[in-house]
Amino acid sequence: MKQQLQSLFAASLDQLRRDGVLAPEQLLEVRFDRTRQKQHGDFATNIALSLAKACGRAPRELAQLIVDALPAAPEIAKVEIAGPGFINVFLAADSRVHVIAAIRDAGAGYGRRTAAAGSRVIIEFVSANPTGPLHVGHGRGAAYGDSLARLLAATGCDVSTEYYVNDAGRQMDILAVSVWLRYLELCGEQVVFPDNAYQGDYIFDIAATIHREGGESYRHPAETVMDGIDAEDLESRLDALIQRAHKLLGPQRYQYVLGVGLDALTADIRGDLEQFNVAYDRWFSERSLVTDHHVDAAIQRLAKSGHVFERDGALWFRSTAFGDEKDRVVVRENGAPTYFASDIAYHLNKLERGYDRLIDVWGADHHGYMPRMKAALQALGYEPDRLVVLLVQFAALYRGGQKVSMSTRSGEFVTLRELRHEVGADAARFFYVQRKSEQHMDFDLDLAKSQSNENPVYYVQYAHARICSVFRQAAEKDIDTGDLDNADLSLLGESHEVEVVDTLSRFPEVVHNAAANYGPHQVAYYLRNLANNFHTYYNAHNFLGAPPDLRCARLALIDATRQVLANGLDLIGVGAPEQM
RNA sequence: GCGCCCAUAGCUCAGCUGGAUAGAGCGUUGGCCUCCGGAGCCAAAGGUCACAGGUUCGAAUCCUGUUGGGCGCGCCA
């Protein structure tokens, strides 16, 4: 509808240019906004206000000229000039209700666009280290990233989703040592478990798996294991233990212990996310970048760009040349590439796979990392804007009015799984996605639990179930629902009906805006609004009890409403139940 | 110290990239048909959009400064 109005007004402006009212070079696009108030019609444009000065006329006078030059159009009932020079457009009733048929015709496709000229997008999100279960902080990134992927796909992008598995680096060694020490305890050895190793209960489970499957073949006496592990510094002691584990177990057994831990945790995370209605196209291993020499290749390519230098025995990337606040190490003094180096290789890999846009969803605490990543892409000859980093603010967790501090190492955190079991995946996803991502969020667990029945998601789902119920009632009571496809929609003139119809017609714009702003929360708000329109309508009018023609029209309307509720809920990964 | 994010009703948050009288939910108060599901509906009360300037026909929205809060500034990931 907006586009139809735009072309009508463009024609009017063309006419004014021919009449010499407007200068030919003024090619302003006519933008239409939905009005906030009924008396202002359905759409409004400020075109006269923005053009007035340039052509030396009063805004209202110019508005009148534009209106006069407007071609006749059946879909417009009335055009008014208001306020300082707004042009308000009132739609004809017939063109308004037409959307009902369009929705029922398009079905699940309503609101979706197929023609985005094949823009290829890859979205990477969550990517938490596989060193423990996901906690509620990760849940926000999961809900956000997945909804975003659905939204972009709905606007016609060719979207892939990926989880970057950080299965290389020191935290993997800490995991291996943590598992091994717990295993030794199971064997009856008296070892000292360091405070800075992974404390969580899940480490015991993994150790038990190894003990069950491998017996005591990974056992070494506690004295041998702990001998000489007495450094003052906790981190140094942990490093010494890692070295000891390598030495005593040998490369194969060490890799086995590490692998069992990694596999168990990756599987746990994957299953957890699946239950959260989040599925990835690909799980990308960081370690594979090292073993396939992609990291070396990336560093070499970076070196060729002339922005790599040596200092203090390490290899550095001169990221300051691209606006970063300091230069960054890519290969350590000991010859091991840094996390940053493999991340460069990963992003390079994504670009080489042909993606036009790389979207990374990061926790807000990583924002300082963005300049160096963009710098690396720039040094490699890519437009830095092709990387879009979306930051998700922390969800501060409250329990009993007290802020809960969380860390994976200490094992003190509320898991995503616990949250899901408490309030359900649908409620949790809706709760997360309601807030825009860059907004700080207070997640009150007690409130989330106690309000689980008052969660807005049920309000929306209830509207959907209620509509389904109306049709069930019709079938049970053997009421003739007529031919919905040929309903006389012009019978829908009640204010509540107009309200619902208008909201339905807005849906494609909402999807478009939400995708363009990377803001799935806009869909959540829209759904609440649509549900409210429907509940109000439901309370004010009877559907099944109406005369046959009107009944048929009303059923067509609520059927279209049901469709849009389902489409919208799907965009944020929430189910649309037929009964609750 | 430097950098990024944030500040809107008592609480939790929207506000369509600058529009007309700033909106929801929760909470509070008062109502709703023997009828399609009351997980619902209607109404009332509640605001100096943190503060001070600036930009223009017009600012919660853009710019500058101030205050207050969150986060970051490793050869960790």
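Naming: A, B, ... by sequence-line order, numbering from 1 per chain.
Pairs passing the salt bridge (charged side-chain N to carboxylate O under 4.0 Å, His left out) check and including a residue from residues 129-138 of chain A, sequence neighbours excluded, do not occur.
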Identify each atom pair where a protein N or O and an N or O of nucleotides 1-4 of chain B are less than 3.5 Å apart, giving names and distance.
residue, atom, partner, partner atom, Å
G3(B), N2, His367(A), NE2, 2.5

Tabulated below should be each protein N or O lying under 3.5 Å from an N or O of nucleotides 55-59 of chain B; please produce it.
residue, atom, partner, partner atom, Å
C57(B), OP1, Lys53(A), NZ, 2.8
C57(B), OP2, Lys53(A), NZ, 3.2

Review item, nucleotides 43-47 of chain B N/O atoms under 3.5 Å of protein N/O:
none

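Aromatic rings of Tyr144(A) and Tyr432(A) (six-membered ring for Trp) have centroids beyond the 6.0 Å cut-off, not under it. With ring centers used as reference points, Phe543(A) lies under 6.0 Å from Tyr537(A).
Look at Arg332(A) and you'll find a side-chain N or O under 4.0 angstrom from OP1 or OP2 of A77(B). Within the 4.0 Å cut-off from OP1 or OP2 of G37(B), not a single side-chain nitrogen or oxygen of Arg466(A) is found. A close approach under 4.0 Å does occur between a side-chain nitrogen or oxygen of Thr536(A) and OP1 or OP2 of C42(B).
At the heavy-atom level, Gln39(A) lies under 4.0 Å from base atoms of the strands shown. Contact annotation for Gln461(A): no contact, since no heavy-atom pair falls under 4.0 Å across all strands. Within 4.0 Å of Phe340(A), counting heavy atoms only, lies no atom of the nucleic acid at all. Across all strands, Gln522(A) comes closer than 4.0 Å only to sugar-phosphate atoms, never to a base (heavy-atom distances). Contact annotation for Ala44(A): base contact, defined as any heavy-atom pair under 4.0 Å involving a base atom. Using a 4.0 Å heavy-atom criterion, one finds that Asn88(A) contacts the bases of the nucleic acid, with or without backbone contacts as well.
Stacking of Arg528(A) on the aromatic ring of Tyr459(A) is recorded, both the 6.0 Å distance cut-off and the 45° axial limit being met.
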Sequence neighbours excluded and cut-off under 3.5 Å, please list the side-chain donor-acceptor pairs for residues 314-322 of chain A, or say none.
residue, atom, partner, partner atom, Å
Trp316(A), NE1, Arg311(A), O, 3.1
Ser319(A), OG, Asp324(A), OD2, 2.9
Ser319(A), OG, Lys326(A), O, 2.9
Thr320(A), OG1, Asp327(A), OD1, 2.6

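Base orientation of U29(B): anti, the glycosidic angle falling outside 90° of 0.
Interface remark: the Asn517(A) side chain does form a donor-acceptor pair with the U17(B) base, using a distance-only criterion of under 3.5 Å. Counting distance only, with no hydrogens placed and no angle test, the side-chain atoms of Asn539(A) and the base atoms of G40(B) include a donor-acceptor pair under 3.5 Å.
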Apply ring pair (Phe, Tyr, Trp, His ring centres under 6.0 Å) to residues Tyr462(A) and Phe534(A) and explain how you reach the verdict. CA-CA 10 Å; Tyr462(A) 181 49; Phe534(A) 169 73; 8.8 Å; no
Where does RNA chain B pair, written as one dot-bracket string 5' to 3', with Watson-Crick or G-U pairs under 3.5 Å, ( ) inside the strand, [ ] for crossing pairs and | for another strand? (((((.(..((((.....[...)))).(((((.......))))).....(((((..]....)))))).)))))....
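Between the C1' atoms of C6(B) and U12(B), the separation comes to 15 Å (whole Å).
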